[in-house]
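Let me begin by presenting the structure, written as structure tokens, before commenting on it.
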Protein chains: 2
Amino acid sequence: MPTEKMSAFANSLAVMEQVVVKNGVALTAVDDDHEGVIVEMSEPMDSEAFASILRASLALWRKQGKKGIWIKVPIELVNLVEAVVKEGFWYHHAEPKYLMLVKWISEDAHTLPANASHRVAIGAFVMNEKREVLVVQEKKGILRGKGIWKFPTGVVDEGEDICDAAVREVKEETAIDTEFVELLAFRQSHKAFFGKSDLFFLCMLQPLSSEIQKQELEIEAAEWMPWEEYVVQPFVQQKPFLKLMSEICVAKKDKTYSGFKPFPIKSSESDHKTGLYVNAQDLTRS
Amino acid sequence: MPTEKMSAFANSLAVMEQVVVKNGVALTAVDDDHEGVIVEMSEPMDSEAFASILRASLALWRKQGKKGIWIKVPIELVNLVEAVVKEGFWYHHAEPKYLMLVKWISEDAHTLPANASHRVAIGAFVMNEKREVLVVQEKKGILRGKGIWKFPTGVVDEGEDICDAAVREVKEETAIDTEFVELLAFRQSHKAFFGKSDLFFLCMLQPLSSEIQKQELEIEAAEWMPWEEYVVQPFVQQKPFLKLMSEICVAKKDKTYSGFKPFPIKSSESDHKTGLYVNAQDLTRS
């Protein structure tokens with residue numbers, strides 16, 4: 001843009017800022033429950049014009065005593081991100097299609113919610129009436145090509161119940177239908193990926209079918225294996241974590257161990273369908 | 001930039017791209033464990049020059065058969081984000097100081113790890129020898145000003161153990177020292193914040209001190225309250241989730257309920273210090 005045009009443009013932006021502040025015209029925002037506002041950008045905008053309106057909006061929100069300012073920028077409007085950061089916002093979280101930025105404009109200590117910090121995964125202990133356990137060999141990852149038999153495992157999808165995820169993963173990897181029985185134990189690991197943490201839940205499932213059909217993409221082999229064969233694998237015996245898990249499975253199959261299971265909540269209220277995961281055996285006994 | 005200079009600049013960028021592809025000069029990247037590469041940007045760069053080198057690097061990585069391409073952009077280099085998105089990258093996750101973008105350049109179905117999906121929180125059931133429970137009234141959030149007494153609660157920090165978080169939150173809110181006893185139950189909620197999920201763990205703690213000193217910022221009041229007084233609050237009786245939790249606490253204080261506790265793993269290996277959370281009572285009995 002030629003210099004004289006630039007300067008005219010800058011002047012008009014400055015005027016626009018004054019107008020916005022004076023008349024309370026600002027970015028469209030909705031109040032949150034914590035004295036803050038949320039802006040969801042949706043229309044394409046020139047980044048300079050946007051920066052100007054953002055500055056004016058911030059002045060307005062400060063006058064109104066707002067605290068946390070959230071701006072959600074869809075990935076198509078990535079050209080606006082730099083302007084937001086230049087106004088002192090930082091990243092709160094991102095998903096494939098958007099970036100959420102936040103700025104705290106109050107004098108009070110900030111009380112912004114933390115970002116999601118954990119990924120949740122499951123391992124499935126599935127034993128049939130012959131005391132055979134459902135095991136797989138993986139095509140990918142660190143166990144590839146090592147001939148190690150392991151329980152089906154997988155990551156809980158966004159918005160998915162842990163118990164449903166266990167049933168889904170077993171079905172996906174082996175085509176076996178199952179019913180969730182109980183959560184036997186869990187492990188919290190840190191710095192599992194990109195510095196984030198991991199919660200791994202060991203679940204017991206009851207098989208409802210027997211014919212295995214392995215998934216091609218991720219699974220090298222799948223079979224029903226006598227428990228003794230699974231457990232004597234050096235991999236299981238040498239990994240204290242797997243050894244302890246196998247001891248819990250033994251205690252469970254011998255019916256001396258009680259884990260957690262979803263305990264329904266008697267209510268018409270919109271409480272979550274799985275209620276709480278509790279030691280249901282102890283709770284109903286007491 | 002004047003037109004003729006622009007055009008010369010564009011030409012020199014095109015030459016640079018060719019040089020990069022020909023000589024294998026590209027963005028500095030380290031291989032990951034899944035046939036992909038990770039680039040960590042750290043030096044300020046002109047966004048157009050960066051775009052050009054990025055394109056050349058992608059061509060090189062394709063030739064090398066790479067799959068997932070990760071680019072970590074610190075917030076100071078926000079000017080580079082648009083160029084990355086224009087090359088077909090999408091957001092994987094963000095933390096306050098950086099944005100991680102990813103692109104899958106293989107023909108195979110993508111196997112990129114999921115982003116963290118859950119926030120983890122705790123509630124602390126702390127009962128003293130007089131069968132009084134430690135309760136607080138909050139200054140902020142939806143319970144503000146309602147006179148409701150509740151267990152101390154809080155979010156587990158990034159990298160923090162659940163059991164440590166419970167002890168820390170009680171200490172912060174009330175100054176009471178405690179020891180972690182057991183995890184009694186948990187709830188998984190969806191769409192708790194920004195579409196993310198929440199895992200809430202109810203923990204039992206043993207008090208090691210008795211003198212309360214409430215935290216000023218978040219806590220309106222804190223006290224030791226007879227269990228009966230806590231439990232008859234309409235808030236507790238009418239919320240099925242809280243009512244069930246209170247029944248579990250009763251079962252626990254009457255010693256008929258067994259939850260999960262960290263079970264040490266006997267090993268010199270660097271397995272996690274808390275090992276697995278298990279029903280230790282059942283496991284040692286079996």
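Reminder, nothing fancy here: chain letters follow the sequence lines and each chain counts from 1.
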(message) I'd like to know if the side chain of A:H93 pairs up with that of B:E95 as donor and acceptor (distance under 3.5 Å, no hydrogens or angles considered).
(response) no
(message) Let's test your reading of the structure: which of A:A94, A:P113, A:S197, A:G259 forms the most heavy-atom pairs below 4.5 Å with chain B?
(response) A:A94
(request) Considering only heavy atoms and a distance below 4.5 Å, find which of B:A114, B:G159, B:P96 pairs most often with chain A. (result) B:P96
(request) Below 4.5 Å from any heavy atom of chain A, which atoms of B:L217 appear? Answer side chain, backbone, both or neither. (result) side chain
(request) For the pair B:E218 and B:K139, find out whether any cationic side-chain nitrogen is under 4.0 Å from an anionic carboxylate oxygen. (result) no
(message) Taking the six-membered ring of B:Y257 as reference, does the cationic atom of B:K252 (NZ for Lys, CZ for Arg) lie under 6.0 Å from its centre and within 45° of its axis?
(response) no
(request) Give, as side chain, backbone, both or neither, the part of A:E76 having an atom under 4.5 angstrom from any heavy atom of chain B. (result) neither
(message) Looking only at heavy atoms and a cut-off of under 4.5 Å, which of A:W70, A:F186, A:W90, A:Y98 has the most pairs with chain B?
(response) A:F186
(request) Using only heavy-atom distances, determine whether the side chains of A:Q188 and A:H118 contain a donor-acceptor pair under 3.5 Å. (result) yes
(request) Using modelled atom types only, decide if a donor and an acceptor are shared between the side chain of A:D161 and the backbone of A:C163 within a distance under 3.5 Å. (result) no
(message) Which atoms of B:V155 are under 4.5 Å from chain A, going by heavy atoms: the side chain, the backbone, both sets, or neither?
(response) side chain
(message) Is B:S258 in contact with chain A via its backbone, its side chain, both, or neither, using a 4.5 Å heavy-atom distance?
(response) both
(request) Identify which part of A:V85 has an atom lying under 4.5 Å from any heavy atom of chain B, answering side chain, backbone, both or neither. (result) side chain
(message) Taking side chain as everything from C-beta outward and backbone as N, CA, C, O, which of these in B:L199 sits under 4.5 Å from a heavy atom of chain A? Side chain, backbone, both or neither.
(response) side chain
(message) Between A:E160, A:R144, A:H92, who has the most heavy-atom pairs with chain B when the cutoff is under 4.5 Å?
(response) A:E160
(message) Is any side-chain heavy atom of A:E138 closer than 4.5 Å to one of A:T153?
(response) yes
(request) Give a yes or no on whether the backbone of A:K97 and the side-chain of B:Y91 come within a donor-acceptor separation of less than 3.5 Å. (result) no
(message) Less than 4.5 Å to any heavy atom of chain A: does that hold for the side chain of B:M245, its backbone, both, or neither?
(response) both
(message) Using heavy-atom distances under 4.5 Å, tell me whether B:F200 contacts chain A through its side chain, its backbone, both, or neither.
(response) neither
(message) Closer than 4.0 angstrom, basic N to acidic O: yes or no for A:D198 and A:R187?
(response) no
